[in-house]
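Each remark here refers to the structure printed beneath this line.
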Amino acid sequence: MSRAVYAVMGTVLFGALVIMVAGFEALLLDRDPIDEPDAGTLLGPLMVAAAVLVVLLSLLRSAALSDARDDRAPEVRGTFPAQPAVFARPGASGGTRSGTGDEVTDPRGPAPRLLVVAIVTAALVYVLMLAVGGVVYGLVREELVWVLLFAARYAVSPFVIGSAICAGLVVGGTLAVSRIDPGHADPRPFD
């Protein structure tokens, strides 16, 4: 199965987990994920949509880098290449092309690190959820100070923290599963 399919499946799983976790948090803590009565009905879904977009882009980027590393990247002939030119494939002899330093040095070069990608994605989800929530609530209240006040109030919210934890777990798990290649006896190495 293609790594891009794993990325889409991981993103759908993340969206479902965020909705489930927010529901259980609301039920167990007896409070709404967004407590402001004047926030409207779109604030929470917009925050979740931003988090889902971060997870999707993170997984797709990791899939593209891993495919380029394993020489499985798709090729498109025309004006819009599927992979940037810096991911030049090495020659059949295994030699390295010179250039920017970003090209693949051998077909089985180092893979993107699981833990680093998962932590960076979780941090980006946390920050982006606070930023989107603050900006949207500031627009609703029509005062700039509410951008910072909203972000400060929800910085320790279980809704935002739970979403960030789910993002890290889903990205790490999806990348780990996508590295198992059923065509080979040994799975790809984990870093």
- Item | Asp30, CG: over 12 other non-hydrogen atoms inside 6.0 angstrom | no

- Exceeds 12 heavy-atom contacts within 6.0 angstrom, atom CG of Leu144: no

Of all the heavy-atom pairs spanning [X] and [Y], show the shortest one and how long it is.
{"X": "Gly138", "Y": "Val147", "result": "CA-CG2, 4.1 Å"}
{"X": "Ala26", "Y": "Pro33", "result": "CB-CD, 4.2 Å"}
{"X": "Ala63", "Y": "Ala4", "result": "CB-N, 4.2 Å"}
{"X": "Thr174", "Y": "Gly10", "result": "OG1-CA, 3.6 Å"}
{"X": "Pro158", "Y": "Glu25", "result": "O-OE2, 2.8 Å"}
{"X": "Leu17", "Y": "Cys166", "result": "CB-SG, 4.2 Å"}

- Should the pair Glu36-Arg141 be classified as a salt bridge under the 4.0 Å nitrogen-to-oxygen rule? no

- Query: Taking the side chain from Tyr126 and the backbone from Ala155, do they hold a donor-acceptor pair closer than 3.5 Å?
  - Reply: yes

- Message: Tell me whether Ser178 contacts the main-chain N or O of Leu175 through its side chain, where contact means a donor paired with an acceptor under 3.5 Å.
- Response: yes

Going from [atom1] on [X] to [atom2] on [Y], what distance comes out if it is rounded to the nearest 0.5 angstrom?
{"X": "Leu46", "Y": "Met129", "atom1": "CG", "atom2": "CE", "result": "10.5 Å"}
{"X": "Leu60", "Y": "Leu65", "atom1": "CG", "atom2": "CG", "result": "11.0 Å"}
{"X": "Met9", "Y": "Arg3", "atom1": "CE", "atom2": "CZ", "result": "14.0 Å"}

- Task: Could you walk me through whether Phe14 and Val48 pass the side chain to side chain contact (heavy atoms under 4.5 Å, CB included) test, one step at a time?
- Result: CA-CA 10 Å; Phe14 171 70; Val48 171; 5.8 Å; no

Reference residue [X]; test side chain to side chain contact (heavy atoms under 4.5 Å, CB included); the match among [options]:
{"X": "Phe150", "options": "Leu130, Val135, Ile34, Val140", "value": "Ile34"}
{"X": "Leu124", "options": "Leu128, Thr121, Val120", "value": "Val120"}
{"X": "Leu59", "options": "Val171, Val54, Val117, Val8", "value": "Val171"}

- Message: Please determine whether side chain to side chain contact (heavy atoms under 4.5 Å, CB included) holds for the pair Asp38 and Tyr137, giving the CA-CA distance in whole Å, both sets of side-chain angles, and the decisive distance to 0.1 Å.
- Response: CA-CA 9 Å; Asp38 59 345; Tyr137 191 64; 2.8 Å; yes

- Report the C-alpha distance between Asp35 and Asp32 in whole Å, list the side-chain angles of each, state the deciding distance to 0.1 Å, and finish with yes or no for side chain to side chain contact (heavy atoms under 4.5 Å, CB included). CA-CA 5 Å; Asp35 288 332; Asp32 291 331; 3.9 Å; yes

